[in-house]
S.K.: 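Here it is, the structure in full.
Below, chains carry the letters A, B, ... as their sequence lines are ordered, and counting in each starts from 1. FYI, side chains are in, hydrogens and waters are out, and symmetry mates aren't considered; it's all heavy atoms of this structure.
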Amino acid sequence: MDATVRQPRAADLLAWYDRHRRVLPWRALPGEQADPYRVWASEIMLQQTTITAVKPYFERFMARFPTVDALAQAPSESVMQAWAGLGYYSRARNLHACAKVVAGQHGGRFPDTEEGLRELPGIGAYTAGAVAAIAFDRPAAAVDGNVERVMTRLFAIEEEMPGAKPLVRERVLALMPSRPGDFAQALMDLGATICTPRSPACGLCPWREPCRARIAGTQETYPRKAAKKTGKTRFGAAFVAMREDGAVLVRTRPAKGLLGGMVEVPGGEWRADYRLEEALRDAPLVAQWRRLIAPVRHVFTHFPLELTIFVAKLPLDAQAPEGMRFTPFARLREEAFPSVFLKALEAGLEGLQRH
DNA sequence: AAGTCGTGGTG
DNA sequence: TCACCAAGACT
(Lines give C-alpha, C1' and ligand atoms only; values in the text may rest on other atoms or scores of the structure.)
Protein backbone atom coordinates (compact mmCIF):
# COMPACT_ATOMS: atom_id res chain seq x y z
CA MET A 1 0.00 0.00 0.00
CA ASP A 2 1.32 3.40 -0.95
CA ALA A 3 0.58 5.55 2.07
CA THR A 4 0.68 8.73 -0.02
CA VAL A 5 -2.44 7.72 -1.98
CA ARG A 6 -5.52 9.46 -0.66
CA GLN A 7 -8.33 7.25 0.59
CA PRO A 8 -11.71 7.51 -1.17
CA ARG A 9 -14.51 9.21 0.74
CA ALA A 10 -18.19 8.63 0.15
CA ALA A 11 -18.77 12.34 0.74
CA ASP A 12 -16.91 13.20 -2.45
CA LEU A 13 -19.09 10.84 -4.44
CA LEU A 14 -22.29 12.16 -2.84
CA ALA A 15 -21.30 15.74 -3.59
CA TRP A 16 -20.82 14.75 -7.21
CA TYR A 17 -24.14 12.90 -7.19
CA ASP A 18 -25.99 15.91 -5.81
CA ARG A 19 -24.92 17.87 -8.88
CA HIS A 20 -25.01 15.22 -11.57
CA ARG A 21 -27.66 12.70 -10.58
CA ARG A 22 -29.70 11.41 -13.47
CA VAL A 23 -33.43 11.99 -13.62
CA LEU A 24 -35.19 8.66 -14.10
CA PRO A 25 -38.88 7.72 -14.09
CA TRP A 26 -38.51 5.37 -11.12
CA ARG A 27 -36.20 7.62 -9.14
CA ALA A 28 -37.55 9.91 -6.41
CA LEU A 29 -36.69 13.59 -6.50
CA PRO A 30 -34.19 14.87 -3.90
CA GLY A 31 -35.73 14.70 -0.44
CA GLU A 32 -38.60 12.45 -1.52
CA GLN A 33 -38.99 8.87 -0.36
CA ALA A 34 -39.13 6.44 -3.24
CA ASP A 35 -42.12 4.17 -3.88
CA PRO A 36 -40.94 0.61 -3.10
CA TYR A 37 -43.19 -0.88 -5.78
CA ARG A 38 -41.73 1.31 -8.50
CA VAL A 39 -38.19 0.80 -7.25
CA TRP A 40 -38.63 -2.95 -7.15
CA ALA A 41 -40.28 -3.18 -10.59
CA SER A 42 -37.61 -0.99 -12.14
CA GLU A 43 -34.82 -3.04 -10.58
CA ILE A 44 -36.24 -6.25 -12.01
CA MET A 45 -36.59 -4.69 -15.44
CA LEU A 46 -33.08 -3.25 -15.30
CA GLN A 47 -31.42 -6.60 -14.65
CA GLN A 48 -29.02 -7.03 -17.56
CA THR A 49 -31.04 -4.48 -19.49
CA THR A 50 -30.26 -0.92 -20.55
CA ILE A 51 -32.11 2.11 -19.24
CA THR A 52 -33.02 3.04 -22.81
CA ALA A 53 -34.75 -0.28 -23.33
CA VAL A 54 -36.50 -0.21 -19.96
CA LYS A 55 -37.97 3.30 -19.96
CA PRO A 56 -40.94 2.75 -22.32
CA TYR A 57 -41.69 -0.64 -20.77
CA PHE A 58 -41.64 0.84 -17.29
CA GLU A 59 -44.06 3.62 -18.20
CA ARG A 60 -46.50 1.22 -19.85
CA PHE A 61 -46.15 -1.25 -17.03
CA MET A 62 -46.92 1.31 -14.32
CA ALA A 63 -49.92 2.60 -16.26
CA ARG A 64 -51.23 -0.94 -16.64
CA PHE A 65 -50.33 -2.20 -13.16
CA PRO A 66 -50.27 0.88 -10.89
CA THR A 67 -49.87 -1.03 -7.62
CA VAL A 68 -48.45 -4.31 -6.42
CA ASP A 69 -52.01 -5.46 -5.71
CA ALA A 70 -53.09 -4.68 -9.26
CA LEU A 71 -50.13 -6.63 -10.56
CA ALA A 72 -50.85 -9.55 -8.25
CA GLN A 73 -54.43 -9.78 -9.50
CA ALA A 74 -53.58 -9.51 -13.19
CA PRO A 75 -53.67 -12.66 -15.36
CA SER A 76 -50.24 -13.99 -16.25
CA GLU A 77 -50.89 -13.60 -20.00
CA SER A 78 -51.32 -9.88 -19.41
CA VAL A 79 -48.03 -9.67 -17.51
CA MET A 80 -46.13 -11.67 -20.10
CA GLN A 81 -47.51 -9.52 -22.89
CA ALA A 82 -46.41 -6.36 -21.07
CA TRP A 83 -42.93 -7.88 -20.83
CA ALA A 84 -42.71 -9.19 -24.39
CA GLY A 85 -39.56 -7.91 -26.09
CA LEU A 86 -37.64 -7.14 -22.89
CA GLY A 87 -36.00 -10.57 -22.67
CA TYR A 88 -35.14 -12.87 -19.76
CA TYR A 89 -38.77 -13.86 -19.37
CA SER A 90 -38.27 -15.73 -16.12
CA ARG A 91 -37.99 -12.24 -14.65
CA ALA A 92 -41.61 -11.59 -15.61
CA ARG A 93 -42.79 -14.89 -14.16
CA ASN A 94 -40.89 -14.26 -10.92
CA LEU A 95 -42.07 -10.66 -10.82
CA HIS A 96 -45.67 -11.82 -10.95
CA ALA A 97 -45.03 -14.51 -8.34
CA CYS A 98 -43.34 -11.93 -6.11
CA ALA A 99 -46.26 -9.53 -6.41
CA LYS A 100 -48.64 -12.29 -5.34
CA VAL A 101 -46.54 -13.03 -2.25
CA VAL A 102 -46.26 -9.36 -1.30
CA ALA A 103 -49.97 -8.77 -1.84
CA GLY A 104 -51.09 -12.01 -0.23
CA GLN A 105 -48.66 -12.49 2.63
CA HIS A 106 -47.31 -9.03 3.39
CA GLY A 107 -50.45 -6.93 3.10
CA GLY A 108 -49.23 -5.29 -0.08
CA ARG A 109 -46.08 -3.90 1.53
CA PHE A 110 -42.60 -4.91 0.54
CA PRO A 111 -40.26 -6.13 3.31
CA ASP A 112 -38.04 -3.22 4.36
CA THR A 113 -34.90 -5.25 5.04
CA GLU A 114 -32.35 -6.89 2.78
CA GLU A 115 -32.98 -10.30 4.38
CA GLY A 116 -36.73 -10.04 3.99
CA LEU A 117 -36.48 -8.98 0.36
CA ARG A 118 -34.00 -11.73 -0.43
CA GLU A 119 -36.69 -14.33 0.34
CA LEU A 120 -38.91 -13.17 -2.50
CA PRO A 121 -38.87 -14.78 -5.96
CA GLY A 122 -36.69 -12.99 -8.48
CA ILE A 123 -34.87 -10.97 -5.85
CA GLY A 124 -31.22 -11.93 -5.53
CA ALA A 125 -28.29 -10.40 -3.69
CA TYR A 126 -28.10 -7.31 -5.86
CA THR A 127 -31.81 -6.47 -6.02
CA ALA A 128 -32.33 -7.05 -2.29
CA GLY A 129 -29.56 -4.59 -1.54
CA ALA A 130 -30.76 -2.08 -4.11
CA VAL A 131 -34.39 -2.03 -2.91
CA ALA A 132 -33.35 -1.98 0.76
CA ALA A 133 -31.04 0.96 0.13
CA ILE A 134 -33.04 2.96 -2.41
CA ALA A 135 -36.59 2.42 -1.16
CA PHE A 136 -35.90 2.11 2.58
CA ASP A 137 -32.55 3.87 3.02
CA ARG A 138 -30.97 0.84 4.64
CA PRO A 139 -27.15 0.68 4.66
CA ALA A 140 -27.06 -2.21 2.19
CA ALA A 141 -24.63 -2.90 -0.63
CA ALA A 142 -26.09 -3.08 -4.13
CA VAL A 143 -23.32 -4.63 -6.18
CA ASP A 144 -24.16 -4.65 -9.87
CA GLY A 145 -21.91 -4.49 -12.93
CA ASN A 146 -21.38 -0.75 -12.48
CA VAL A 147 -20.34 -1.09 -8.87
CA GLU A 148 -18.04 -3.99 -9.66
CA ARG A 149 -16.29 -1.86 -12.24
CA VAL A 150 -16.02 1.23 -10.02
CA MET A 151 -14.74 -0.63 -6.99
CA THR A 152 -12.31 -2.96 -8.76
CA ARG A 153 -10.77 0.10 -10.39
CA LEU A 154 -10.80 2.23 -7.27
CA PHE A 155 -8.94 -0.43 -5.29
CA ALA A 156 -7.18 -2.17 -8.22
CA ILE A 157 -8.71 -5.51 -7.27
CA GLU A 158 -6.85 -8.20 -9.18
CA GLU A 159 -9.10 -11.14 -8.40
CA GLU A 160 -11.37 -12.16 -11.25
CA MET A 161 -15.12 -11.72 -11.20
CA PRO A 162 -17.33 -13.15 -9.98
CA GLY A 163 -14.91 -14.43 -7.33
CA ALA A 164 -14.13 -10.89 -6.23
CA LYS A 165 -17.76 -10.10 -5.51
CA PRO A 166 -17.52 -10.58 -1.71
CA LEU A 167 -14.48 -8.31 -1.63
CA VAL A 168 -16.28 -5.65 -3.66
CA ARG A 169 -19.21 -5.89 -1.31
CA GLU A 170 -16.92 -5.42 1.70
CA ARG A 171 -15.39 -2.34 0.15
CA VAL A 172 -18.81 -0.82 -0.49
CA LEU A 173 -19.98 -1.47 3.06
CA ALA A 174 -16.76 0.00 4.43
CA LEU A 175 -17.48 3.26 2.61
CA MET A 176 -21.18 3.39 3.56
CA PRO A 177 -22.23 6.97 4.43
CA SER A 178 -25.32 8.28 6.17
CA ARG A 179 -27.28 8.38 2.89
CA PRO A 180 -27.36 4.74 1.81
CA GLY A 181 -29.99 5.18 -0.90
CA ASP A 182 -28.16 8.02 -2.58
CA PHE A 183 -24.85 6.21 -2.17
CA ALA A 184 -26.16 3.14 -3.99
CA GLN A 185 -27.52 5.23 -6.84
CA ALA A 186 -24.43 7.43 -6.93
CA LEU A 187 -22.18 4.39 -7.40
CA MET A 188 -24.32 3.23 -10.30
CA ASP A 189 -24.54 6.68 -11.87
CA LEU A 190 -20.78 7.00 -11.63
CA GLY A 191 -20.27 3.64 -13.29
CA ALA A 192 -22.79 4.40 -16.01
CA THR A 193 -21.64 7.91 -16.92
CA ILE A 194 -18.00 8.36 -15.82
CA CYS A 195 -16.42 5.04 -14.92
CA THR A 196 -17.53 3.39 -18.16
CA PRO A 197 -16.20 0.07 -19.48
CA ARG A 198 -14.23 1.76 -22.26
CA SER A 199 -12.70 5.21 -22.29
CA PRO A 200 -13.73 6.21 -18.77
CA ALA A 201 -13.85 9.97 -18.14
CA CYS A 202 -11.38 9.90 -15.29
CA GLY A 203 -10.80 13.65 -15.51
CA LEU A 204 -14.39 14.22 -14.38
CA CYS A 205 -14.42 11.59 -11.65
CA PRO A 206 -14.84 12.64 -8.02
CA TRP A 207 -12.63 9.69 -7.06
CA ARG A 208 -9.86 10.34 -9.61
CA GLU A 209 -7.27 11.03 -6.91
CA PRO A 210 -7.73 7.90 -4.78
CA CYS A 211 -8.33 5.61 -7.78
CA ARG A 212 -5.48 3.11 -7.86
CA ALA A 213 -6.23 1.89 -11.36
CA ARG A 214 -6.16 5.43 -12.77
CA ILE A 215 -2.89 6.14 -11.01
CA ALA A 216 -1.42 3.05 -12.67
CA GLY A 217 -3.07 3.89 -15.98
CA THR A 218 -4.79 0.50 -16.10
CA GLN A 219 -8.43 1.60 -15.67
CA GLU A 220 -9.77 -0.22 -18.67
CA THR A 221 -8.31 -3.57 -17.59
CA TYR A 222 -10.74 -3.78 -14.66
CA PRO A 223 -12.73 -5.66 -13.64
CA ARG A 224 -10.66 -8.75 -14.33
CA LYS A 225 -12.74 -11.58 -15.72
CA ALA A 226 -12.34 -14.66 -17.87
CA ALA A 227 -13.40 -14.34 -21.50
CA LYS A 228 -16.62 -16.15 -22.28
CA LYS A 229 -17.06 -18.34 -25.31
CA THR A 230 -19.92 -18.12 -27.77
CA GLY A 231 -22.08 -21.16 -28.44
CA LYS A 232 -22.54 -22.96 -31.73
CA THR A 233 -25.16 -21.74 -34.13
CA ARG A 234 -28.41 -23.66 -33.90
CA PHE A 235 -30.87 -24.07 -36.74
CA GLY A 236 -34.57 -24.64 -36.94
CA ALA A 237 -37.77 -23.88 -38.81
CA ALA A 238 -40.71 -21.59 -38.16
CA PHE A 239 -44.06 -22.08 -39.86
CA VAL A 240 -46.24 -19.09 -40.56
CA ALA A 241 -49.69 -20.33 -41.49
CA MET A 242 -52.35 -17.81 -42.40
CA ARG A 243 -56.01 -18.65 -42.76
CA GLU A 244 -57.97 -16.99 -45.57
CA ASP A 245 -59.44 -14.52 -43.08
CA GLY A 246 -55.95 -13.45 -42.00
CA ALA A 247 -55.80 -15.36 -38.72
CA VAL A 248 -52.37 -16.82 -37.92
CA LEU A 249 -51.57 -20.14 -36.24
CA VAL A 250 -49.74 -19.70 -32.91
CA ARG A 251 -49.13 -21.52 -29.66
CA THR A 252 -47.88 -20.81 -26.14
CA ARG A 253 -44.50 -22.25 -25.17
CA PRO A 254 -44.06 -24.35 -22.02
CA ALA A 255 -43.82 -22.26 -18.85
CA LYS A 256 -40.19 -23.09 -18.11
CA GLY A 257 -36.99 -22.90 -20.10
CA LEU A 258 -36.08 -20.75 -23.07
CA LEU A 259 -38.75 -18.14 -23.81
CA GLY A 260 -40.95 -19.92 -21.28
CA GLY A 261 -44.58 -18.89 -21.25
CA MET A 262 -44.21 -16.77 -24.37
CA VAL A 263 -46.08 -17.13 -27.65
CA GLU A 264 -44.53 -18.55 -30.83
CA VAL A 265 -45.33 -19.52 -34.36
CA PRO A 266 -45.03 -23.33 -34.57
CA GLY A 267 -41.70 -24.98 -35.28
CA GLY A 268 -39.48 -27.83 -34.19
CA GLU A 269 -36.50 -28.18 -31.94
CA TRP A 270 -33.45 -26.01 -32.63
CA ARG A 271 -30.31 -28.04 -33.18
CA ALA A 272 -26.73 -27.48 -34.29
CA ASP A 273 -27.00 -30.43 -36.69
CA TYR A 274 -30.37 -29.50 -38.15
CA ARG A 275 -31.06 -30.87 -41.65
CA LEU A 276 -33.07 -28.57 -43.84
CA GLU A 277 -34.27 -31.55 -45.92
CA GLU A 278 -36.13 -32.78 -42.88
CA ALA A 279 -37.59 -29.43 -41.89
CA LEU A 280 -41.10 -30.27 -43.02
CA ARG A 281 -41.27 -32.96 -40.35
CA ASP A 282 -41.66 -30.07 -37.93
CA ALA A 283 -44.65 -28.64 -39.81
CA PRO A 284 -47.70 -28.25 -37.52
CA LEU A 285 -50.09 -29.46 -40.25
CA VAL A 286 -50.24 -30.57 -43.85
CA ALA A 287 -50.29 -27.64 -46.26
CA GLN A 288 -48.63 -26.19 -49.34
CA TRP A 289 -45.59 -24.93 -47.48
CA ARG A 290 -43.32 -22.54 -49.32
CA ARG A 291 -39.81 -21.92 -48.03
CA LEU A 292 -38.58 -18.34 -47.93
CA ILE A 293 -35.10 -17.79 -49.30
CA ALA A 294 -33.80 -15.59 -46.51
CA PRO A 295 -33.59 -17.19 -43.07
CA VAL A 296 -34.25 -15.20 -39.91
CA ARG A 297 -31.16 -14.73 -37.78
CA HIS A 298 -31.22 -14.02 -34.08
CA VAL A 299 -28.60 -14.03 -31.35
CA PHE A 300 -29.33 -15.30 -27.86
CA THR A 301 -26.93 -14.92 -24.97
CA HIS A 302 -25.47 -18.38 -25.36
CA PHE A 303 -26.03 -19.24 -29.03
CA PRO A 304 -26.85 -17.76 -32.44
CA LEU A 305 -29.99 -19.00 -34.16
CA GLU A 306 -30.90 -19.35 -37.82
CA LEU A 307 -34.58 -19.99 -38.56
CA THR A 308 -35.82 -21.12 -41.95
CA ILE A 309 -39.26 -19.66 -42.57
CA PHE A 310 -42.05 -21.63 -44.22
CA VAL A 311 -45.34 -20.02 -45.19
CA ALA A 312 -48.70 -21.39 -46.25
CA LYS A 313 -52.25 -20.21 -46.78
CA LEU A 314 -54.99 -22.26 -45.16
CA PRO A 315 -58.66 -22.61 -46.02
CA LEU A 316 -61.23 -20.87 -43.88
CA ASP A 317 -62.33 -24.14 -42.29
CA ALA A 318 -58.80 -25.16 -41.25
CA GLN A 319 -58.66 -26.53 -37.71
CA ALA A 320 -55.89 -25.61 -35.28
CA PRO A 321 -53.90 -28.69 -34.23
CA GLU A 322 -53.91 -29.78 -30.59
CA GLY A 323 -52.31 -27.15 -28.37
CA MET A 324 -52.42 -24.45 -31.04
CA ARG A 325 -54.86 -21.68 -31.92
CA PHE A 326 -55.60 -19.11 -34.57
CA THR A 327 -55.16 -15.48 -33.63
CA PRO A 328 -57.09 -12.92 -35.71
CA PHE A 329 -54.74 -10.70 -37.66
CA ALA A 330 -55.88 -7.57 -35.83
CA ARG A 331 -55.02 -9.13 -32.48
CA LEU A 332 -51.53 -10.36 -33.30
CA ARG A 333 -50.07 -7.35 -31.53
CA GLU A 334 -51.72 -8.47 -28.31
CA GLU A 335 -49.81 -11.73 -28.29
CA ALA A 336 -46.72 -12.12 -26.11
CA PHE A 337 -44.27 -12.71 -28.93
CA PRO A 338 -40.60 -12.53 -28.00
CA SER A 339 -38.46 -10.70 -30.53
CA VAL A 340 -37.23 -13.78 -32.34
CA PHE A 341 -40.78 -14.83 -33.22
CA LEU A 342 -41.76 -11.30 -34.07
CA LYS A 343 -38.97 -11.42 -36.64
CA ALA A 344 -40.14 -14.80 -37.92
CA LEU A 345 -43.73 -13.62 -38.11
CA GLU A 346 -42.84 -10.44 -39.96
CA ALA A 347 -40.71 -12.35 -42.44
CA GLY A 348 -43.53 -14.83 -42.97
CA LEU A 349 -46.20 -12.18 -43.47
CA GLU A 350 -43.91 -10.37 -45.87
CA GLY A 351 -43.42 -13.63 -47.79
CA LEU A 352 -47.14 -14.33 -47.91
CA GLN A 353 -47.94 -10.85 -49.11
CA ARG A 354 -45.65 -10.92 -52.09
CA HIS A 355 -47.32 -13.97 -53.53
C1' DA B 1 -20.75 -23.64 -9.64
C1' DA B 2 -20.74 -23.21 -14.40
C1' DG B 3 -24.72 -23.00 -17.60
C1' DT B 4 -28.99 -21.12 -18.73
C1' DC B 5 -31.65 -17.32 -19.82
C1' DG B 6 -33.04 -12.13 -24.44
C1' DT B 7 -32.35 -8.25 -26.66
C1' DG B 8 -30.39 -4.16 -28.57
C1' DG B 9 -26.55 -1.01 -28.73
C1' DT B 10 -21.62 -0.06 -29.30
C1' DG B 11 -16.69 0.45 -30.56
C1' DT C 1 -18.36 -8.53 -38.33
C1' DC C 2 -17.90 -9.54 -33.69
C1' DA C 3 -17.13 -9.54 -28.82
C1' DC C 4 -18.65 -7.15 -25.21
C1' DC C 5 -21.92 -5.10 -22.40
C1' DA C 6 -26.49 -3.63 -19.72
C1' DA C 7 -29.20 -1.81 -12.08
C1' DG C 8 -28.52 -10.61 -12.35
C1' DA C 9 -31.30 -14.72 -10.76
C1' DC C 10 -31.76 -19.41 -10.68
C1' DT C 11 -30.31 -24.19 -10.86
S.K.: Within the structure, does a side-chain N or O atom of A:Gln47 lie under 4.0 Å from either OP1 or OP2 of C:dG8?
M.R.: no
S.K.: Would you say A:Arg22 has more than 12 foreign heavy atoms packed within less than 6.0 Å of its CZ?
M.R.: yes
S.K.: Reckon A:Gly191 touches a base, only the sugar-phosphate, or nothing at all at heavy-atom distances under 4.0 Å?
M.R.: nothing
S.K.: With sequence neighbours left out, which residue pairs that include part of residues 41-73 of chain A fulfil the ring-ring contact (aromatic ring centres under 6.0 Å, His included) condition?
M.R.: A:Trp26-A:Phe58, A:Phe61-A:Phe65
S.K.: With respect to the phosphate group of B:dG6, does any side-chain polar atom (N or O) of A:His298 fall under 4.0 Å of OP1 or OP2?
M.R.: no
S.K.: Which pairs, with at least one residue in residues 240-249 of chain A and sequence neighbours excluded, count as a salt bridge (Lys or Arg N to Asp or Glu O under 4.0 Å)?
M.R.: A:Arg243-A:Asp245
S.K.: Please table the atom pairs, donor to acceptor, closer than 3.5 Å between any side-chain atom in residues 254-263 of chain A and protein atoms at least two apart or in another chain.
M.R.:
none

S.K.: Just N and O in the side chain of A:Arg149: are any of them under 4.0 Å from OP1 or OP2 of C:dA6?
M.R.: yes
S.K.: Go nucleotide by nucleotide along DNA chain B from the 5' end; which of A:Leu258 and A:Lys229 gets its closest nucleotide reached first?
M.R.: A:Lys229
S.K.: Separation of A:Gln48 atom CD from B:dT4 atom C1', in whole Å?
M.R.: 12 Å
S.K.: Please set out all donor-acceptor pairs under 3.5 angstrom arising from side-chain atoms of residues 191-198 of chain A, sequence neighbours excluded.
M.R.:
from, atom 1, to, atom 2, distance (Å)
A:Thr193, OG1, A:Asp189, O, 2.8
A:Thr196, OG1, A:Arg198, O, 3.0

S.K.: Could you tell me how far apart A:Asn94 (CG) and B:dG6 (P) are, to the nearest whole angstrom?
M.R.: 12 Å
S.K.: Find the distance A:Glu114:CD to C:dG8:P and express it as a whole number of Å.
M.R.: 16 Å
S.K.: Give me each pair satisfying ring-ring contact (aromatic ring centres under 6.0 Å, His included) with a member in residues 239-273 of chain A, each pair once, sequence neighbours excluded.
M.R.: A:Phe239-A:Trp289, A:Phe239-A:Phe310, A:Trp270-A:Phe300
S.K.: Can you pull out every ring-ring contact (aromatic ring centres under 6.0 Å, His included) where at least one residue sits in residues 202-227 of chain A? Sequence neighbours excluded, please.
M.R.: none
S.K.: The side chain of A:Lys228 lies closest to which of these nucleotides: C:dC10, C:dC4, C:dC5?
M.R.: C:dC4
S.K.: Which whole number of Å gives the distance between the P atom of C:dC2 and that of B:dC5?
M.R.: 23 Å
S.K.: Once you round it to whole Å, what is the distance between C1' of C:dA6 and CD of A:Glu43?
M.R.: 13 Å
S.K.: May I have the distance from A:Met45 (atom CE) to B:dC5 (atom C1'), rounded to whole angstrom?
M.R.: 18 Å
S.K.: Over how many whole Å does the gap from A:Lys256 atom NZ to C:dA9 atom C1' extend?
M.R.: 14 Å
S.K.: Could you go through residues 113-123 of chain A and list every donor-acceptor pair under 3.5 Å that involves a side-chain atom there, pairing it with any protein atom two or more places apart or in another chain?
M.R.:
from, atom 1, to, atom 2, distance (Å)
A:Thr113, OG1, A:Gly116, N, 3.1
A:Arg118, NH1, A:Ile123, O, 3.2

S.K.: Separation of A:Arg297 atom CZ from B:dG8 atom C1', in whole Å?
M.R.: 18 Å
S.K.: How about A:Glu322: does its CD atom have over 12 heavy atoms from other parts shown lying under 6.0 Å from it?
M.R.: no
S.K.: A:Ala227 or A:Arg91: which one's nearest nucleotide on DNA chain C is closer to the 5' end?
M.R.: A:Ala227
S.K.: Would you indicate which nucleotide in B:dC5, C:dA6, C:dC4 comes nearest to any side-chain atom of A:Pro197?
M.R.: C:dA6
S.K.: Looking at every strand, decide which applies to A:Leu24 at a 4.0 Å heavy-atom threshold: base, sugar-phosphate, or nothing.
M.R.: base
S.K.: When you compare the side chain of A:Leu314 with that of A:Phe326, does any pair of heavy atoms fall below 4.5 Å?
M.R.: yes
S.K.: With A:Asp317, which residues qualify under side chain to side chain donor-acceptor pair (under 3.5 Å), at least two apart?
M.R.: none
S.K.: List in numerical order all residues of residues 116-137 of chain A for which some heavy atom is under 4.0 Å away from an atom belonging to DNA chain B.
M.R.: none
S.K.: Hey, is the side chain of A:Thr49 poking within less than 4.0 Å of OP1 or OP2 on C:dA6, counting only N and O atoms?
M.R.: no
S.K.: Rounded to whole angstrom, note down the P distance from B:dG8 over to C:dA9.
M.R.: 22 Å
S.K.: Would you kindly give the CG-to-C1' distance between A:Asp144 and C:dC5, to the nearest whole Å?
M.R.: 12 Å
S.K.: Is atom CZ of A:Arg333 surrounded by more than 12 heavy atoms (other residues, nucleotides or ligands) closer than 6.0 Å?
M.R.: no
S.K.: Ignoring backbone atoms, test whether A:His302 places a side-chain nitrogen or oxygen under 4.0 Å from the OP1 or OP2 oxygen of B:dG3.
M.R.: no
S.K.: With a non-hydrogen cut-off below 4.0 angstrom, is A:Val299 in contact with a base, only sugar-phosphate, or nothing?
M.R.: base
S.K.: Which whole number of Å gives the distance between the P atom of C:dA7 and that of B:dA2?
M.R.: 24 Å
S.K.: Any cation-pi pair here, A:Arg212 with A:Phe155, using under 6.0 Å and within 45°?
M.R.: no
S.K.: Among C:dA7, B:dG8, C:dG8, which is the nearest nucleotide to the side chain of A:Ser339?
M.R.: B:dG8
S.K.: Between the protein and nucleotides 9-11 of chain B, which nitrogen or oxygen pairs come in under 3.5 angstrom?
M.R.:
none

S.K.: Output the residues of residues 26-41 of chain A in contact with DNA chain C, where contact means a heavy atom of the residue under 4.0 Å from an atom of the strand; sort by number or write none.
M.R.: A:Trp26, A:Arg27
S.K.: Taking only the side-chain heavy atoms of A:Phe300 (C-beta and beyond), determine which of B:dT7, C:dA7, C:dC5 contains the nearest atom.
M.R.: B:dT7
S.K.: Can you list everything that forms a salt bridge (charged side-chain N to carboxylate O under 4.0 Å, His left out) with A:Arg208? Sequence neighbours excluded, please.
M.R.: none
S.K.: What's A:Leu259 touching, base or sugar-phosphate or nothing? Going by heavy atoms closer than 4.0 Å.
M.R.: sugar-phosphate
S.K.: At less than 4.0 Å, is any side-chain N or O atom of A:Tyr89 found next to OP1 or OP2 of B:dT7? Yes or no.
M.R.: yes
